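Heads up, the thing below is written out as structure tokens.
Quick caveat, the model's predicted, so the values are computed rather than measured. The chains referred to below are lettered A, B, ... by the order of the sequence lines, with proteins before strands, and numbering in each begins at 1.
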Amino acid sequence: MGEGSLGGESHPAVTAAELGWNRAITAFTVSKPRVPRRDTGLFCFGVHHGDTETRRHRVKELENMAQAVETERKVNEGVDLRTMRHSAAHVMAEAVQQLFPDARFGIGPAIEDGFYYDFDLPRTLTPDDLEEIERRMKAIIKSDERFERRELGREEALAYFRERNQPYKVELIEDLTSGEVHGARDEAADSPDARGIRDGMVSLYRQGSFEDLCGGPHVESTRQMGAVKLLRVAGAYWRGDEKRPQLQRIYGTAWHSQTELDEYLWRLEEARKRDHRRLGTDLGLFLFSDQVGAGLPIWGEHGALLRSIIEDFWKEEHRKAGYQYVYSPHIGLIDLWRTSGHLSFYRENMYAPIDMDGQEFMLKPMNCPFHLQVYKRRVRSYRELPLRYNELGTVYRYEPAGTLHGLLRVRGFTQDDSHIFCRPDQLESEINGVLELALKLWRTLGFHEYQIELAVRDLNNLAKYLGTDEEWAQAEAALEKALIAHSLPYRRVEGEAVFYAPKIDIHLVDALGRKWQCSTIQVDFNLPERFDLYYVGEDGARHRPFMVHRALLGALERFMGLMIEHYGGAFPVWLAPVQAIVLPIADRHNDYAAEVVQKLRDAGLRAELDDRSERVNAKIRDAQLQKIPYMLVVGDREAEQNAVAVRLRSGENLGALPVEDVVQRIARENAERK
RNA sequence: GCCGAUGUAGCUCAGUGGUAGAGCAGCUGUUUCGUAAACAGCAGGUCGGGGGUUCAAAUCCCCCCGUCGGCUCCA
């Protein structure tokens with residue numbers, strides 16, 4: 001295989017594939033520290049892997065890499081990477097301007113690992129254009145152009161950009177000097193361009209023939225640029241608004257040295273290798289079929305097994321935490337959705353009604369209305385609250401075609417849903433309980449790092465929210481206290497709350513660094529009202545219960561997509577669809593091998609037999625590729641001694657051990673969820 | 001949904017106007033083997049779908065669908 005060269009002589013116990021895989025993780029984790037993510041300002045956590053088998057090797061690899069990189073830094077050693085990347089965006093803009101004198105410029109910030117610039121061009125860019133632009137950039141870098149700053153008054157600057165037919169720059173200056181407030185997603189308001197506008201003065205940076213609205217800072221001259229590479233073109237709406245023109249965005253990356261650039265590209269390649277979509281087919285986990293439809297995953301063979309293991313674990317933990325499991329149908333009468341309000345605020349995500357005997361049914365996009373029915377089946381007393389209903393409920397939502405993405409964005413998915421009904425005085429402890437359970441699940445499943453947001457109201461726009469100030473204050477406090485109680489770092493985001501209440505969102509990061517929302521914990525002031533929920537209090541009067549929606553893993557599909565990437569397909573023993581495979585050396589060992597398999601199965605383990613008439617080498621290779629944790633080789637010696645020769649997925653060979661010991665060892669790891 | 005790219009065997013890919021190819025996987029046979037690929041043979045594709053141009057289309061054009069990279073949105 002291609003990564004064979006990575007299996008250095010020094011680590012004979014570690015196979016090339018395993019080492020290559022781990023090296024990717026190492027690089028991934030190392031590249032991220034200290035660099036705040038630009039879009040959130042939050043510390044971004046690298047993906048970690050719990051496998052300790054080869055940690056030492058990774059550390060060694062890491063040291064070697066760091067050294068190699070260190071010796072390469074020369075001219076641009078002291079240059080801040082972000083500054084360099086932003087300057088690279090300017091250089092790219094200059095190259096684009098050379099090619100398209102009529103180009104209109106959007107914004108061009110540095111981002112994690114690189115930069116982009118948005119252009120409004122007379123025609124669409126081709127891959128050949130990218131090459132040409134890159135060529136010109138290299139020429140510009142070589143010609144050592146200096147970055148020069150100057151300041152203009154507001155009117156002067158406006159005239160300057162109007163004259164050059166740069167409407168986007170004009171708009172930026174106009175908006176940002178008028179103190180207009182923009183939405184949280186308007187990247188322009190936060191860009192270097194915007195920072196070029198201050199106190200009525202507008203700063204510009206020029207290098208070569210290109211001058212841009214910009215707050216800087218920049219490198220001194222284009223020489224200090226390091227290694228630059230353009231990656232792709234993509235459409236991007238001006239100021240993130242789909243109603244505004246779509247510009248062409250070119251993404252690029254820039255590093256201090258060619259070595260670092262190569263390292264980065266290699267890392268991207270490694271990330272692609274553990275993309276859940278690839279592993280899904282390689283490991284026989286799930287599939288999509290054109291015949292079935294886009295965004296509708298099918299769990300086959302090992303994937304379904306893996307999923308059921310997770311579901312069993314999930315159900316068990318929920319029972320322990322005092323939840324009651326319920327089942328609800330996949331469709332409901334249209335009036336249900338009218339009452340719940342989904343018809344008015346969620347319809348574009350719902351599939352069209354199904355007409356049966358003059359009654360209209362709709363496929364469920366959420367489970368809540370059904371759980372509310374369970375609550376409403378009879379009058380509830382304050383004594384029986386809190387009530388916690390949970391369900392792995394499969395919902396269907398119409399998602400625009402362009403947004404589908406493997407298991408991470410699908411049209412039919414199963415939420416690990418729950419609705420908690422409680423008294424106001426119980427809210428805080430309920431939220432606490434939810435976080436407690438969430439952490440237990442995440443940790444057991446191998447995730448230890450998250451990005452958490454506490455989404456609260458937009459204080460400048462209170463009219464669009466339901467509920468009283470008092471309720472909001474209480475709900476927000478309950479959420480926040482629970483986060484603090486669990487010492488979880490979080491970011492408070494104003495204006496991100498849903499109209500019916502505040503919420504906590506937890507994101508995880510995928511193999512390519514994209515963030516995906518998983519957990520969500522939302523208070524709801526809306527549905528109890530709409531369905532007229534109440535309980536009879538101590539005072540004999542009716543009271544409105546608080547309601548909490550929460551999904552912890554989010555959707556089984558998304559979660560498993562993330563988990564596949566997290567483990568790179570090498571699942572820990574308790575999750576592995578096949579925990580052990582028995583490999584007879586010759587056909588005459590098949591009977592003994594079958595006995596061993598039966599012993600493993602009797603102990604509740606998932607074991608298989610590879611009795612093909614292949615050589616052990618081939619059997620081992622296939623088992624490795626399937627990332628099966630235990631390979632048990634049996635030949636004459638083992639059959640005689642009632643033993644198995646144990647080979648681990650890491651490549652480590654434990655030699656011959658008594659069958660009973662091995663069964664016990666694997667059973668223990670399984671029971672301990674390792 | 002929008003911008004761009006792309007779709008050939010189960011998988012990875014070659015084939016740019018003249019009769020559809022390779023490796024792996026599969027099947028059959030031989031081999032019975034000690035830690036990452038035994039050997040030989042066979043079989044497998046309406047070239048994503050539909051329409052068009054042409055004597056002739058995997059190849060050129062149009063429409064649709066899927067996929068990939070982004071944007072908007074989101075569990």
Side-chain angles (χ1 to χ4, degrees), chain A residues 1 4 7 15-18 116 118 124-127 129-130 185 187 231-251 272 275 277-278 281-282 284 287-295 348-349 365-366 395 397-411 413-417 505-507 512 514 516-520 549 551-559 561-562 583-590 613-625 631-638 645-648 651-656:
Chain A
M1 285 192 79
T15 67
E18 182 97 7
Y116 69 77
D118 289 343
T124 55
L125 292 166
T126 66
D129 292 328
L130 274 201
R185 288 201 183 76
E187 296 179 320
L231 298 174
R232 64 184 80 93
V233 248
Y237 298 109
W238 169 237
R239 305 186 80 168
D241 184 345
E242 62 177 331
K243 290 177 199 69
R244 311 215 52 191
Q246 190 163 39
L247 310 180
Q248 297 188 68
R249 173 173 296 178
I250 304 179
Y251 284 94
R272 262 189 282 276
D275 188 309
R277 291 165 296 186
R278 164 165 291 280
T281 39
D282 288 353
L287 62 116
F288 290 92
S289 159
D290 289 358
Q291 232 176 340
V292 172
E348 70 274 21
N349 283 298
M366 296 192 191
V395 298
R397 301 181 183 175
Y398 172 75
E399 301 289 345
T403 64
L404 301 177
H405 183 95
L407 290 178
L408 301 182
R409 189 75 184 269
V410 291
R411 285 176 171 163
F413 57 94
T414 304
Q415 292 184 304
D416 68 315
D417 212 354
D505 285 335
I506 304 181
H507 298 80
L512 292 174
R514 289 169 296 212
W516 297 92
Q517 184 178 328
C518 291
S519 311
T520 183
H549 306 250
L552 302 182
L553 306 181
L556 257 326
E557 289 76 5
R558 174 173 294 179
F559 166 72
L562 252 355
L583 312 176
I585 284 172
D587 289 351
R588 67 174 177 280
H589 307 121
N590 284 353
S613 80
E614 289 285 349
R615 297 164 62 211
V616 232
N617 292 289
K619 294 183 184 184
I620 284 181
R621 177 167 195 273
D622 290 340
Q624 281 294 152
L625 291 176
M631 281 156 265
L632 309 178
V633 178
V634 298
D636 292 331
R637 295 200 294 272
E638 287 77 15
V646 180
R647 181 193 160 106
L648 303 178
E652 197 179 346
N653 193 342
L654 303 185

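Counting non-hydrogen atoms under 4.0 angstrom, Ala236(A) reaches the backbone sugars and phosphates but no base. Using a 4.0 Å heavy-atom criterion, one finds that Glu557(A) contacts no nucleic acid atom at all. Contacts of Val395(A) with the nucleic acid, taken as non-hydrogen atoms under 4.0 Å apart, are absent. Across all strands, Glu638(A) comes closer than 4.0 Å to base atoms (heavy-atom distances). Base contact: Gly235(A) has a heavy atom under 4.0 Å from a base atom. Counting non-hydrogen atoms under 4.0 angstrom, Ala551(A) reaches nothing in the nucleic acid. Nucleic acid contact for Asp416(A): none, since no nucleic acid atom lies under 4.0 Å from a heavy atom of the residue. Using a 4.0 Å heavy-atom distance criterion, Val616(A) is classed as a sugar-phosphate-only contact.
Taking only side-chain nitrogens and oxygens, Arg232(A) never comes nearer than 4.0 Å to OP1 or OP2 of rA5(B). Using a 4.0 Å cut-off, no side-chain N or O of Arg249(A) falls inside it from OP1 or OP2 of rG70(B). Checking the phosphate oxygens (OP1, OP2) of rC71(B), no side-chain nitrogen or oxygen of Tyr116(A) falls inside 4.0 Å. Within the 4.0 Å cut-off from OP1 or OP2 of rC33(B), not a single side-chain nitrogen or oxygen of His589(A) is found. At rC3(B), none of the side-chain N or O atoms of Gln248(A) fall inside 4.0 Å of OP1 or OP2 (strictly under the cut-off). Checking the phosphate oxygens (OP1, OP2) of rC33(B), a side-chain nitrogen or oxygen of Arg588(A) falls inside 4.0 Å. For Arg647(A), a side-chain nitrogen or oxygen approaches OP1 or OP2 of rA36(B) to under 4.0 Å. Between Arg277(A) and the phosphate of rG69(B), there is a side-chain N or O to OP1/OP2 separation shorter than 4.0 Å.
Considering CZ of Arg409(A) and CZ of Arg558(A), their distance stands at 7.0 Å, rounded to 0.5 Å. Leu408(A) contributes atom CG, which lies 5.0 Å from atom CH2 of Trp516(A) (distance to the nearest 0.5 angstrom).
When distances are taken from the side chain of Ala586(A) to each of rG34(B), rA75(B), rU32(B), the shortest belongs to rU32(B). Considering only side-chain atoms of Gln246(A), the nucleotide from rC3(B), rU35(B), rC71(B) that sits closest is rC3(B). Checking rA75(B), rU67(B), rA36(B) against every side-chain atom of Leu404(A), the shortest atom distance belongs to rU67(B). With rA75(B), rG1(B), rU35(B) as the candidates, the nucleotide lying closest to the side chain of Ala645(A) is rU35(B). Listed candidates were rC3(B), rC33(B), rA75(B). Nearest to the side chain of Thr124(A) is rC3(B).
If you measure from atom CD of Glu348(A) to atom C1' of rC74(B), you get 12 Å, rounded to the nearest angstrom. Atom pair Arg409(A):CZ and rU67(B):C1' shows a separation of 16 Å (rounding to whole Å applied). Counting to the nearest Å, the C1' atom of rA75(B) and the CE atom of Met366(A) are 9 Å from each other. As rounded to whole Å, 15 Å separates atom P of rC74(B) from atom OH of Tyr398(A). Following rounding to the nearest Å, Leu125(A) (CG) and rC71(B) (P) show an atom-to-atom distance of 17 Å.
By the criterion of a centre-to-centre distance under 5.5 Å and near-parallel planes under 30°, the ring of Tyr251(A) forms no stack with the base of rG70(B).
By the 4.5 Å heavy-atom criterion applied to side chains, Ile585(A) and Val634(A) are not counted as neighbours. In this structure the side chain of Ile506(A) never reaches within 4.5 angstrom of the side chain of Gln517(A), judged on heavy atoms.
Between the C1' atoms of rC60(B) and rC55(B), the separation comes to 16 Å (whole Å). Separating the P atom of rG10(B) from that of rG45(B) is a span of 8 Å, rounded to the nearest Å. For the P atoms, the distance from rU67(B) to rG48(B) is 16 Å, rounded to whole Å. Using C1' as the reference atom, rU54(B) and rG41(B) are 41 Å apart when rounded to the nearest Å. rU30(B) sits 48 Å from rG17(B) when the P atoms are compared, rounded to a whole Å. Rounded to a whole angstrom, the distance from the C1' atom of rG49(B) to that of rA14(B) is 24 Å. Between rC74(B) and rG1(B), the two C1' atoms lie 14 Å apart (nearest whole Å). Spacing of C1' atoms, rC13(B) relative to rA25(B), comes out at 14 Å, to the nearest Å.
Nucleotide rC47(B) has no partner under the Watson-Crick or G-U criteria, as no pair reaches both atom distances under 3.5 Å. The partner of rC27(B), taking Watson-Crick or G-U wobble pairs whose two distances both stay under 3.5 Å, is rG41(B). Across the strands present, rC2(B) finds its partner in rG70(B); the criterion is a Watson-Crick or G-U wobble pair with both atom distances under 3.5 angstrom. Judged by Watson-Crick or G-U wobble contacts below 3.5 Å, the nucleotide rG7(B) has rC65(B) as its partner. Across every strand in view, rG18(B) sits in a pair with rC55(B) that passes the Watson-Crick or G-U test at under 3.5 angstrom. With both pairing distances under 3.5 Å, rU35(B) is matched to nothing as a Watson-Crick or G-U wobble pair.
Residue whose closest nucleotide on RNA chain B sits further toward the 5' end, between Pro400(A) and Asn653(A): Pro400(A). Nearest-nucleotide assignment on RNA chain B puts the 5′-proximal partner with Arg615(A), out of Thr520(A) and Arg615(A).
A donor-acceptor contact under 3.5 Å is formed by the side chain of Asp587(A) with the base of rU32(B). A donor N or O paired with an acceptor N or O is found under 3.5 Å between the base of rU31(B) and the side-chain atoms of Ser613(A). For a distance-only test at 3.5 Å, the side chain of Glu399(A) qualifies as a donor-acceptor partner of the base of rA75(B). For a distance-only test at 3.5 Å, the side chain of Tyr237(A) fails to qualify as a donor-acceptor partner of the base of rG70(B).
With hydrogens and angles left out, the side-chain atoms of Asp417(A) and His549(A) include no donor and acceptor closer than 3.5 Å. Checking Gln624(A) against Arg647(A) by side-chain atom types alone, a donor-acceptor pair falls below 3.5 Å.
Residues Ile620(A) and Met631(A) approach most closely at O-SD, 4.1 Å, considering heavy atoms.
Both tests pass for Arg249(A) against the ring of Tyr116(A): distance under 6.0 Å to the centre and angle within 45° of the axis.
Remark: side-chain polar atoms of His589(A) are paired, donor with acceptor, to backbone N or O of Asp636(A) under 3.5 angstrom.
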